[in-house]
Structure formats: C-alpha cells, structure tokens
Asks: 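Before we start, here is the structure in question, set down as structure tokens.
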2 protein chains.
Amino acid sequence: MDKNLKRMATMHRMQVTGLELFYKNGYYNTSIDEILKSLSLSKGAFYYHFQSKEDFFVSIVQNLIVRKVYSMLIEPIEGKENPFPVIEKCFENALETAEHNDMDYGFILSNFISEFNRRNTVISNYLMDIYKIWEVNLISILQKGKSDGFVDRHVDSEGVATYLISSYMGVRTLMVQGNCRNLRYKYMQQLRHYFNSLTQKEAV
Amino acid sequence: MDKNLKRMATMHRMQVTGLELFYKNGYYNTSIDEILKSLSLSKGAFYYHFQSKEDFFVSIVQNLIVRKVYSMLIEPIEGKENPFPVIEKCFENALETAEHNDMDYGFILSNFISEFNRRNTVISNYLMDIYKIWEVNLISILQKGKSDGFVDRHVDSEGVATYLISSYMGVRTLMVQGNCRNLRYKYMQQLRHYFNSLTQKEAV
DNA sequence: ATTTTTACCGACCACTTAGTCGGTAAAAAA
DNA sequence: TTTTTTACCGACTAAGTGGTCGGTAAAAAT
C-alpha cells in the first residue's frame with residue numbers, strides 16, 4: 001500500500017501528460033510514442049503499467065476526466081438551494097475559465113464523446129457514465145427547486161437538464177474558434193431568458 | 001467542359017465515399033487506402049485527382065457538407081415569415097431524420113469542427129464558414145420576425161441564433177448514444193418554452 | 001547473503017500511413 | 001495515322017503505429 005507509491009506516481013504522470021495530448025490532438029491523432037517522448041519514458045515503462053492504449057485512456061477517463069467534470073460542473077451545484085442562479089453561476093464560471101485558457105480545445109467530455117461515438121463503445125460507455133452523473137445531479141437540484149418553490153411546478157426537470165447540457169456542450173464547441181467573450185455573453189443572456197420562463201410565477 | 005464528365009464523376013464518387021467514411025470513423029482514423037479499397041480504385045487515381053488528403057477533405061467540405069447543412073438547416077427557414085414555428089419545424093425535421101437514421105454519427109458539422117479544432121486551421125476555417133452562413137440566416141429571419149411583429153422587439157437576434165445553434169449541436173452529440181426519441185421530445189419541448197419567452201407579447 | 005520483485009530500458013516486429021513515380025491502355029487531337 | 005492527353009494502375013518509400021520481449025539495476029523480501 002505504501003510501496004505502490006512510485007508506481008502510482010509514474011502512472012499519474014503518464015495519465016496527466018496523456019490527457020493533455022489526447023485533449024489537444026485527439027485520441028486517434030496522438031501516439032503513445034509522442035506521450036512517452038514528452039515524459040522521457042520508454043515503451044517498456046508504458047506497457048509495464050498499462051495493458052494497451054485503450055486501457056490507458058479508460059484509466060484517464062476514470063481518474064482525471066471524471067474529477068474535472070465533477071469539480072467544474074457538478075460539485076458547484078450539488079445540494080444547493082435555488083437552482084437557476086446556482087446553475088447560472090456555475091456555467092458562467094466554467095465558460096469564463098475556458099475563455100481565459102488559451103490552451104482551450106473545447107469541452108473535454110463532449111470532445112471525446114464525439115470522437116469515440118460508435119467507434120469505441122467501451123470508452124463511449126465510460127464517458128456516458130460521466131454525462132449521466134451530471135444529468136442526474138441537474139435533475140435532482142431542479143426537482144428540489146420545485147418543492148422549494150423556486151421552479152415552476154409544471155417544469156419537466158429531465159427536459160431542462162437535457163436542454164442545459166446540450167446548449168452548454170454546443171457553446172463550448174463554438175468557443176474554441178475564438179470570439180469567446182462575445183459567445184459567453186450572448187449565451188448567458190439567453191440562458192437567463194430561458195430560466196425566466198421556468199421560474200415559479202408568484203400569485204397567478 | 002464536356003470531356004470533364006468522367007473526371008467529375010470519379011471525383012464525385014471519391015468524395016461521396018470519402019465523406020461516408022470520414023463521417024463514420026473520423027478524419028484521422030480513416031485512411032485513403034480504406035476509401036480507395038471500398039471504391040476499387042488505386043493510389044494513382046486518388047493522387048491524380050487530389051493533391052493531398054487535406055485537399056481532398058476541403059473539396060468534400062465545399063461540395064458535399066455545405067449542401068447537406070444548407071438543405072437540412074438553412075433552406076427550410078430562408079425567407080420564411082414567422083421565425084419560431086419555422087425554426088421549430090426545421091429542427092424537429094432534422095432531429096427526426098437523424099433519429100431514423102441508424103447510420104447516424106452525430107451532426108456532421110459539429111463533429112468535424114470538434115475534430116479539427118486548432119489541429120488544422122485551414123479545414124477549421126472552411127467549416128466555420130458553413131457555421132457562419134447558418135448563423136447569418138438565423139439572425140436574418142429573426143430580425144425580419146421582429147419587424148413583422150412575431151418576435152419581441154427586445155430580443156437579441158444574435159444571442160438567440162447562438163443559443164439555437166449551441167443547443168442543436170449539443171443535442172445531436174447526445175443523440176448518437178441512443179434514446180434519440182426521448183432526447184428529441186425533451187429538446188423540442190424546452191425549445192418551445194424558450195421560444196415562448198421570446199414571442200411578441202400582445203398588449204402589455 | 002541470496003533470491004525475488006519492481007520499474008524501467010530500448011531494440012525489434014508486423015503492419016499502416018500519406019505520398020511518389022514510372023508505366024500504360026484508351027480516347028482525343030493533330 | 002501519329003501524337004498527345006486523360007485517367008488510372010500498383011509497386012515502392014520513409015516515417016510512423018501499437019505492441020512484444022529479453023534484459024537489468026536497484027530495492028525489498030527471505
């Protein structure tokens with residue numbers, strides 16, 4: 001348990017650099033040699049720790065990508081009270097982070113979902129698991145918002161979650177081509193419009 | 001002009017099969033050999049007609065992808081009167097077509113935008129041109145809708161266009177993983193909600 | 001002190017990749 | 001009829017690709 005330290009450290013280094021390059025260039029357009037070169041490690045080291053390129057990527061999904069999505073998009077809304085302002089703030093933050101990151105290559109989750117769609121079902125499933133966690137959390141906060149009187153009773157929480165995730169994924173795809181500030185601004189404004197139409201109307 | 005017929009026919013055959021495979025497997029994950037094999041053509045034939053893989057793909061973008069996006073998403077709304085029902089019907093149609101196509105690998109435009117993002121600026125630019133045509137058309141129909149009294153005067157047409165494109169791209173990404181019918185239903189319902197909040201309110 | 005395990009090296013393998021090039025049969029131009 | 005052009009063939013190249021494997025130095029276990 002303690003002697004695994006070195007092993008864990010090396011594996012983690014590989015995963016971090018691996019994710020960096022996979023995110024930047026895409027999975028199919030990134031070779032293991034490339035990753036190894038930028039780590040000054042050898043083939044032997046790689047295949048000592050991982051069974052295959054696919055196995056390697058799965059470990060990246062489960063260790064790094066899950067956490068990234070969680071800390072950026074799930075944790076900030078989990079268990080919170082008034083859904084719309086919370087989600088709004090969360091999205092705004094996420095978009096701002098992307099905007100100020102000149103190494104931004106889009107929303108990591110949707111990028112890989114697109115890349116592996118029907119091309120590698122094993123990896124696709126692991127990615128969709130993350131999507132589902134996100135979705136469940138959105139639905140949950142929306143439902144709670146209904147009982148707390150923040151969200152109109154007639155609102156379809158699942159539908160709203162789908163719509164939110166869709167629009168977020170889409171705008172992140174568009175943002176990579178620049179003009180981020182403007183895109184974010186326009187997106188957030190429309191999001192507020194949309195939320196407005198779902199807010200509990202007091203005294204009909 | 002007439003003797004080019006054979007040339008055009010072969011090039012077109014290559015482009016059609018090329019797009020099929022690029023769409024299915026991704027650009028970087030599809031080799032020219034693969035395309036040529038499924039056409040029973042040789043390397044010589046390919047490099048006689050096209051300068052490179054990139055040049056080949058650019059020609060596909062300009063000849064086939066433009067038309068696909070245009071006929072599915074632009075032409076049905078171009079010059080029409082009441083924006084929201086028209087856009088709604090157009091999106092509904094597009095999503096239904098995708099749903100009933102078991103060879104659906106997502107929205108062709110956003111798939112490639114993702115794949116080439118920052119990895120190939122030449123191709124990215126050609127793809128973004130298509131996006132811009134779409135955007136301009138949406139903005140234009142929304143503006144017209146304002147003067148015709150269908151759309152609330154305070155609505156930001158550009159913002160709405162961005163939001164529409166984003167959400168459409170996103171939902172198409174999600175749809176590839178199945179449960180399309182449900183996704184489409186939920187998406188369309190929320191789209192209507194959103195449109196409702198933008199519709200001209202009569203007599204304040 | 002000896003043996004075993006861990007973590008890594010790097011040469012090597014079979015295969016695929018985009019792209020080149022000399023050739024050629026049929027059609028068109030002269 | 002001869003020459004030229006068109007449209008294509010397929011062997012070849014150089015540079016990768018994911019993955020294997022025999023080896024090894026240091027650390028840990030015995």
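Quick note on labels: first sequence line is chain A, next is B, and so on, each numbered from 1.
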Asks: Closest heavy-atom contact between S166(B) and L174(A)?
Replies: OG-CD1, 3.7 Å

Asks: Test your reading of the model: is there a side-chain donor-acceptor pair from Y105(B) to the backbone of S114(A), 3.5 Å cut-off?
Replies: no

Asks: Say whether, by atom type as modelled, one donor and one acceptor occur between the side chain of N120(B) and the main chain of F116(B) under 3.5 angstrom.
Replies: no

Asks: Quick check against the 3.5 Å criterion: does K53(B) have a side-chain atom that pairs as donor or acceptor with the backbone of I32(B)?
Replies: no

Asks: dT20(D) phosphate, OP1 or OP2: any side-chain N/O from Y47(A) under 4.0 angstrom?
Replies: no

Asks: Under 4.0 Å, counting only non-hydrogen atoms across every strand here, what does K53(A) touch: a base, just sugar-phosphate, or nothing?
Replies: sugar-phosphate

Asks: Quick one: on DNA chain D, does Q51(A) or N29(A) contact a more 5' nucleotide (nearest heavy atom)?
Replies: N29(A)

Asks: Is there a side-chain contact between S31(A) and the phosphate of dG16(D), meaning an N or O under 4.0 Å from OP1 or OP2?
Replies: no

Asks: Using a cut-off of strictly less than 4.0 Å, decide whether Y48(B) has a side-chain nitrogen or oxygen near OP1 or OP2 of dA7(D).
Replies: yes

Asks: Examine dG18(D): is either OP1 or OP2 under 4.0 Å from a nitrogen or oxygen in the side chain of S52(A)? Give yes or no.
Replies: no

Asks: In whole Å, I'd like the distance from the CZ atom of F56(A) to the P atom of dG18(D).
Replies: 11 Å

Asks: Find the distance F46(A):CZ to dG10(C):P and express it as a whole number of Å.
Replies: 17 Å

Asks: Which nucleotide in the list dG19(C), dT17(C), dT6(D) gets nearest to the side chain of D33(B)?
Replies: dT17(C)

Asks: Roughly, in whole Å, what's the span from CD1 in I35(B) to C1' in dA18(C)?
Replies: 12 Å

Asks: Roughly how many Å is it from CG in N25(A) to P in dG16(D), rounded to a whole number?
Replies: 15 Å

Asks: Could you grab the distance from atom CG of N25(B) to atom CZ of R118(A), nearest 0.5 Å is fine?
Replies: 12.0 Å

Asks: Can you measure L36(B) atom CG to dA11(D) atom P for me and round it to whole angstrom units?
Replies: 14 Å

Asks: Taking only the side-chain heavy atoms of S42(A) (C-beta and beyond), determine which of dA7(D), dG10(C), dC9(D) contains the nearest atom.
Replies: dG10(C)

Asks: Does a side-chain N or O of T10(B) approach OP1 or OP2 of dC8(D) to a distance below 4.0 Å, or not?
Replies: yes

Asks: Starting at the 5' end of DNA chain D and moving along, which residue's nearest nucleotide shows up first, E34(A) or M14(B)?
Replies: M14(B)

Asks: Taking atom P of dG18(D) as reference, at what distance in whole Å does atom CZ of F50(A) sit?
Replies: 15 Å

Asks: In terms of side-chain heavy atoms of I32(A), which of dC9(D), dA7(D), dG18(D) is nearest?
Replies: dG18(D)

Asks: So, is H49(A) near the phosphate of dT6(C), with a side-chain N or O under 4.0 Å from OP1 or OP2?
Replies: no

Asks: Taking atom C1' of dA25(D) as reference, at what distance in whole Å does atom NZ of K6(A) sit?
Replies: 11 Å

Asks: If you check every side-chain atom of K43(A), which of dA18(C), dT20(D), dC8(D) has the closest atom?
Replies: dT20(D)

Asks: In this structure, are over 12 heavy atoms from other groups packed under 6.0 Å from R181(B) atom CZ?
Replies: no

Asks: Which one, dC8(D), dC9(C), dT6(C), comes nearest to the side chain of A45(B)?
Replies: dC8(D)

Asks: Expressed in angstrom and rounded to an integer, what is the separation of M8(A) atom CE from dA7(C) atom P?
Replies: 11 Å

